[in-house]
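Predicted, not measured: the structure shown is a model, and the values here were computed from it. Residue numbers start from 1 in every chain, and the chains themselves are labelled A, B, ... in the order their sequence lines are given, proteins ahead of strands. What's counted below: heavy atoms across the whole structure, side chains too, no hydrogens, waters or symmetry copies.
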Number of protein chains: 2
Amino acid sequence: MTDPKPTHDIEAVFHQKGIPFTRQRRQIWEFFAGADRAATIAETADALRGDGVGQATVYRTVQLFNDLGLLARVQDGQGELCYIAPPIGHSHPLVCGVCRRVIRFDGDGDLTELEALLGAETGFSIYGHHLEVYGICPSCQQTRREGDDGE
Amino acid sequence: MTDPKPTHDIEAVFHQKGIPFTRQRRQIWEFFAGADRAATIAETADALRGDGVGQATVYRTVQLFNDLGLLARVQDGQGELCYIAPPIGHSHPLVCGVCRRVIRFDGDGDLTELEALLGAETGFSIYGHHLEVYGICPSCQQTRREGDDGE
DNA sequence: GGCTCAGTTGAGAACTCTTCTCAACGGTGT
DNA sequence: ACACCGTTGAGAAGAGTTCTCAACTGAGCC
Ligand SMILES: [Mn+2]
Ligand SMILES: [Mn+2]
Ligand SMILES: [Zn+2]
Ligand SMILES: [Zn+2]
């Protein structure tokens with residue numbers, strides 16, 4: 001049930017929309033696709049600074065990807081806004097509150113039913129939801145335990 | 001099921017923790033408690049500027065309230081970070097994507113079960129979740145329909 | 001009430017984050 | 001290869017957020 005395959009054929013998406021797929025866009029995409037944890041825009045810009053990707057481009061591109069539905073926003077344990085790669089299909093993130101490692105899962109506790117109920121009770125026309133689950137990943141639990149020398 | 005009573009006795013909370021409850025803190029609290037929609041920090045600062053509340057204080061206080069669990073963060077339709085008053089007990093927000101009106105509800109599709117499953121599958125130690133449901137409120141649906149003169 | 005003191009406040013400066021500008025550049029289709 | 005048009009990046013500009021520190025104020029106690 002966890003980690004639905006995260007492989008968008010991004011190049012095809014761009015081509016199909018007639019948007020140029022540049023070297024910078026590829027590099028930014030690879031940064032996210034190759035990461036197993038959420039990153040802020042600033043972190044992304046830092047990581048790619050040496051590789052000939054300007055920060056204005058990183059800001060523009062992350063927003064573009066997000067608008068195209070190729071990236072998803074999540075909040076980390078400190079409320080910082082981060083992005084993660086391909087939430088292909090319907091999925092939600094399980095985020096490590098310490099290191100931001102993300103595991104995607106599909107399936108939620110049948111929110112469709114809840115949404116129908118809410119819509120009926122409130123008159124709102126429901127169009128979506130946002131679910132994030134927070135936890136501490138195994139390796140951060142480990143680290144935490146080791147640091148626990150009677151503190 | 002919707003709108004669990006939102007009345008924290010905030011003064012008691014402060015007193016009990018030995019933190020001074022100032023005029024400014026009261027005003028900021030009343031701003032949120034009296035609102036039926038989410039507000040950004042900047043909006044809050046603007047609203048209270050005339051009433052002798054400095055913006056530094058608004059930033060500090062919203063963060064303080066949030067840390068004390070007296071306010072909850074939500075994202076609006078544009079991804080802007082907003083805050084809403086007393087999510088007393090366990091509840092989640094239904095947010096209007098247009099005007100940010102918020103209705104709180106308790107009950108989620110039994111995420112406890114989902115969390116147990118996720119914890120078992122991934123080894124994460126789950127400590128919480130964040131659920132927001134998005135919709136268009138009745139009055140914004142109305143407005144939208146009126147503006148729909150063949151556009 | 002009045003006293004004391006630690007915690008709070010606010011104007012403005014400083015700092016950080018994000019967007020803009022515009023000339024050079026580089027995908028894309030032919 | 002060529003031309004076209006969207007993209008890029010350095011630096012500046014603009015927002016948004018935090019900091020500084022002297023003046024102030026809530027809270028506990030006579
Ligand atoms: Mn879902
Ligand atoms: Mn819940
Ligand atoms: Zn971790
Ligand atoms: Zn609305």
Legend entry - Separation of D:dT17 C1' from B:I41 CD1 (nearest whole Å): 9 Å
Inset, instruction - Indicate the atoms forming the closest heavy-atom contact of B:I28 with B:V53, along with that distance. - result: CD1-CG1, 4.0 Å
Legend entry - Whole-Å gap separating P (D:dT7) and CZ (A:F65): 12 Å
Inset, instruction - Let me know the distance between CD of B:Q27 and C1' of C:dG10, rounded to the nearest Å. - result: 14 Å
Inset, instruction - Can you tell me the distance, in whole Å, between the CZ atom of B:F21 and the P atom of D:dG28? - result: 14 Å
Inset, instruction - Can you tell me the distance, in whole Å, between the CD atom of B:E43 and the P atom of D:dG16? - result: 11 Å
Legend entry - Proximal nucleotide (of C:dG29, C:dT9, D:dG9) relative to the A:H15 side chain: C:dG29
Inset, instruction - Please check if the side chain of A:R37 supplies one atom and the backbone of A:I84 the other of a donor-acceptor pair under 3.5 Å. - result: no
Inset, instruction - Could you tell me whether a side-chain N or O of B:E43 sits under 3.5 Å from a main-chain N or O of B:T40, the two making a donor and an acceptor? - result: yes
Inset, instruction - Measure the distance from NZ on B:K17 to P on C:dT8 and round it to the nearest whole Å. - result: 13 Å
Inset, instruction - State, yes or no, whether a side-chain contact exists between B:L68 and B:F14 at a heavy-atom distance under 4.5 Å. - result: yes
Inset, instruction - Ignoring backbone atoms, establish whether A:R25 has a side-chain N or O less than 4.0 Å from OP1 or OP2 of D:dT7. - result: yes
Inset, instruction - Starting at atom CD of A:Q16, determine the distance to atom C1' of C:dT28, rounded to an integer number of angstrom. - result: 16 Å
Inset, instruction - May I ask you to verify whether the side chain of A:R60 and the base of D:dG9 hold a donor-acceptor pair under 3.5 Å? - result: yes
Inset, instruction - Mind listing the residues from residues 44-57 of chain B sitting with a heavy atom below 4.0 Å of DNA chain D? Number order is fine. - result: B:Q55, B:A56
If you look only at distance, which donor and acceptor atoms sit under 3.5 Å apart when one is on a side chain in residues 113-136 of chain B and the other is two or more places apart or in another chain?
residue	atom	partner	partner atom	Å
B:E115	OE2	B:H129	ND1	2.5
B:E121	OE1	A:T2	OG1	3.3
B:T122	OG1	B:L118	O	2.7
B:T122	OG1	B:F124	N	3.1
B:H129	NE2	B:H90	NE2	3.4
B:H129	NE2	B:H92	NE2	3.2
B:H129	NE2	B:D108	OD2	3.4
B:H130	NE2	B:E132	OE2	2.6
B:E132	OE1	B:Q75	N	3.3
B:E132	OE1	B:Y134	OH	2.5

Legend entry - Nucleotide of C:dT8, C:dG10, D:dG9 approaching A:R23 most closely (side-chain heavy atoms): D:dG9
Inset, instruction - When you get a sec, tell me which of D:dA27, D:dG9, C:dC17 is the closest nucleotide to the side chain of A:Y59? - result: C:dC17
Legend entry - Donor-acceptor contact present, side-chain B:R23 to main-chain B:G52, <3.5 Å: yes
Inset, instruction - Please check the phosphate of D:dT18 (OP1 and OP2 only) for any side-chain N or O of B:Q63 closer than 4.0 Å. - result: yes
Legend entry - Distance, rounded to the nearest Å, where B:L64 contributes CG and C:dG7 contributes P: 14 Å
Inset, instruction - For C:dG26, take OP1 and OP2 only and decide whether either is under 4.0 Å from a side-chain N or O of A:Q24. - result: no
Inset, instruction - Output yes when B:E30 and B:R25 qualify as a salt bridge under the 4.0 Å nitrogen-oxygen rule, no when they do not. - result: no
